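Below: one structure, written as structure tokens.
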Amino acid sequence: MPELPEVETTLRGIEPHLLHQRIAQVTVRDPRLRWPVPAEVQQAEGQRVISLSRRGKYLLLELQRGGLILHLGMSGSLCILKQPREPGKHDHVDIEMVNGTSLRFNDPRRFGAFLWTEGQFSEHPLLRDLGPEPLSDEFTAEHLYHYSRGRRVAIKNFIMNGHIVVGVGNIYASEALYMAGIHPQRAAGRVSQQRYQGLVDAIVDVLSRSIKLGGTTLRDFVNSDGGAGYFAQELLVYDRGGDDCFQCGTAVRQKVIGQRSSYYCASCQR
DNA sequence: AAAGACACCTGTCCGC
DNA sequence: TGCGGACAGGTGTCTT
């Protein structure tokens, strides 16, 4: 479900409710997520939340000692409860604060993660080898150009590789490549630095605009307040297979690339 | 080292 | 109305 804009929307939604609060109780109803929820998460009890942040699509809760690493996978979501409420079917974990507010982790498909770490977030095995944030100064055409030399992987898979750049998921990869006029199956090593500049600009633009609109709600994404994101109505090609390209009228193609559905205009994208 | 397949899991939708 | 199959926003791990 969530891509970077949805995770960022979630972060902004929960932060004001949790920052500086003291955790009273962690309740794990079902530890069977992507990795089993470790018993160490109980160590969060009694500690204050020092900061909340995001690295790629991972949400990071820094506590006084140690921290929590959360990932929403394909179907996860977080919500804030101002008072206790009966848990639903897929409400796997709750973090209840001393002031009565709770953070609830819901994930039907259980591809998400809820992990404990004692060290620095940046040194955690899941985080230490990640590429730059797409909305940071380190994300440049030079970076993409440099790491793509000699590589024959499809450009769409290349920009979805978290070791190259984080946070570009299936929706926004299709969107950005369309905006930049690059065919999703073009070899990454066959893209000029000038065209990478156009791609960088497109990625920054599409992610920024989506964050402003609260993310993309395709099926069931809701933010931490239970509201929808409105970027779906801005999508140019994603989920528009067979429909007319907005630029040239050619039918938008849908094709599986790297096991993921991809959308593009064979006329506008080369 | 790089590329691709596969794994994890449930819910929903579509065609018959 | 029921059933089987395809598909869904992610990404670590294993095999070529």
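Not measured: the values here are computed from a predicted model. Chain identifiers are assigned alphabetically (A, B, ...) following the order of the sequence lines, protein sequences preceding nucleic acid strands; residue numbering begins at 1 within each chain. Values below: every heavy atom of this structure, side chains too, minus hydrogens, waters and symmetry copies.
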Item to check | Any pair counted as side chain to side chain donor-acceptor pair (under 3.5 Å), so long as it reaches residues 196-205 of chain A, sequence neighbours left out | outcome: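 Pairs touching residues 196-205 of chain A that pass the test: Ser148(A)-Tyr196(A), Gln197(A)-Asp201(A), Asp205(A)-Arg209(A).
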Atom-pair distance ([atom1] on [X]; [atom2] on [N]), nearest Å:
X	N	atom1	atom2	result
Tyr263(A)	dC7(C)	OH	C1'	9 Å
Ile164(A)	dA1(B)	CD1	C1'	12 Å
Asn106(A)	dG11(B)	CG	P	10 Å
Glu234(A)	dG9(C)	CD	P	20 Å
Gln254(A)	dG9(C)	CD	C1'	14 Å
Lys156(A)	dG4(B)	NZ	P	13 Å
Asn161(A)	dG4(B)	CG	C1'	12 Å
Asp129(A)	dT13(C)	CG	P	11 Å

Less than 4.0 angstrom between a side-chain N/O of [X] and OP1 or OP2 of [N], yes or no?
X	N	result
Ser261(A)	dC7(C)	no
Lys89(A)	dG11(B)	yes
Arg260(A)	dG9(C)	yes
His90(A)	dT10(B)	no
Tyr147(A)	dA2(B)	no

[X] and [Y]: side-chain donor and acceptor closer than 3.5 Å?
X	Y	result
Thr216(A)	Glu3(A)	no
Asn106(A)	Lys89(A)	no
Lys82(A)	Thr101(A)	yes

Which atoms of nucleotides 14-16 of chain C (N or O only) lie under 3.5 Å from a protein N or O atom, and what are those distances?
none

Would you classify [X] as touching base, sugar-phosphate or nothing, given that sugar-phosphate means primed atoms plus P, OP1 and OP2, and contacts are heavy atoms under 4.0 Å?
X	result
Leu33(A)	nothing
Phe158(A)	nothing
Gly162(A)	nothing

Next on the checklist: What does the 5'-to-3' dot-bracket notation of DNA chain C look like when only Watson-Crick and G-U wobble pairs under 3.5 Å count, and pairs to other strands show as |?
Outcome noted: .|||||||.|||||||
Who are the side-chain contact (heavy atoms from CB on, under 4.5 Å) partners of [X], not counting sequence neighbours?
X	answer
Arg85(A)	Leu81(A), Arg104(A)
Ser51(A)	Glu62(A)
Glu133(A)	Leu4(A), Arg54(A), Arg55(A), Ser136(A), Val166(A)
Leu213(A)	Tyr230(A), Phe231(A), Glu234(A)

Item to check | Contacts of Tyr145(A) that satisfy ring pair (Phe, Tyr, Trp, His ring centres under 6.0 Å) - sequence neighbours left out | outcome: none
Checklist entry - How would you list, by chain and number, every residue that makes a ring pair (Phe, Tyr, Trp, His ring centres under 6.0 Å) with His143(A), sequence neighbours excluded? => result Tyr147(A)
Can you pull every protein N or O that's under 3.5 Å from an N or O on nucleotides 7-9 of chain B?
from: dC9(B); atom 1: O4'; to: Arg109(A); atom 2: O; distance (Å): 3.3
from: dC9(B); atom 1: O3'; to: Arg110(A); atom 2: NH2; distance (Å): 2.6
from: dC9(B); atom 1: O2; to: Arg109(A); atom 2: NE; distance (Å): 2.8
from: dC9(B); atom 1: N3; to: Arg109(A); atom 2: NH2; distance (Å): 3.4

With rounding to the closest Å, how many angstrom separate the [atom1] atoms on [N] and [M]?
N	M	atom1	result
dC9(B)	dC14(C)	P	16 Å
dA6(C)	dC6(B)	P	14 Å
dT13(C)	dT10(B)	C1'	22 Å
dC7(C)	dA5(B)	P	15 Å

Next on the checklist: Take a 6.0 Å sphere around CZ of Arg240(A) and say whether it holds more than 12 heavy atoms from other residues, nucleotides or ligands.
Outcome noted: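 Atom CZ in Arg240(A) is packed in, count exceeds 12.
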Look at the side chain of [X] and decide which nucleotide, out of [options], has an atom nearest to it.
X	options	value
Tyr238(A)	dG10(C), dC6(B), dA8(C)	dA8(C)
His71(A)	dG10(C), dC6(B), dG12(C)	dG10(C)
Leu126(A)	dG12(C), dG10(C), dA8(C)	dG12(C)

Item to check | Hydrophobic cluster (4.5 angstrom, side-chain heavy atoms) - remaining members for Ile50(A) | outcome: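 Grouped by the 4.5 Å side-chain rule, Ile50(A) forms a cluster of one, so the answer is none.
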Next on the checklist: Enumerate the ring-ring contact (aromatic ring centres under 6.0 Å, His included) contacts for residues 248-270 of chain A, please, sequence neighbours excluded, ordered by first and then second residue.
Outcome noted: His183(A)-Tyr264(A), Tyr238(A)-Tyr263(A)
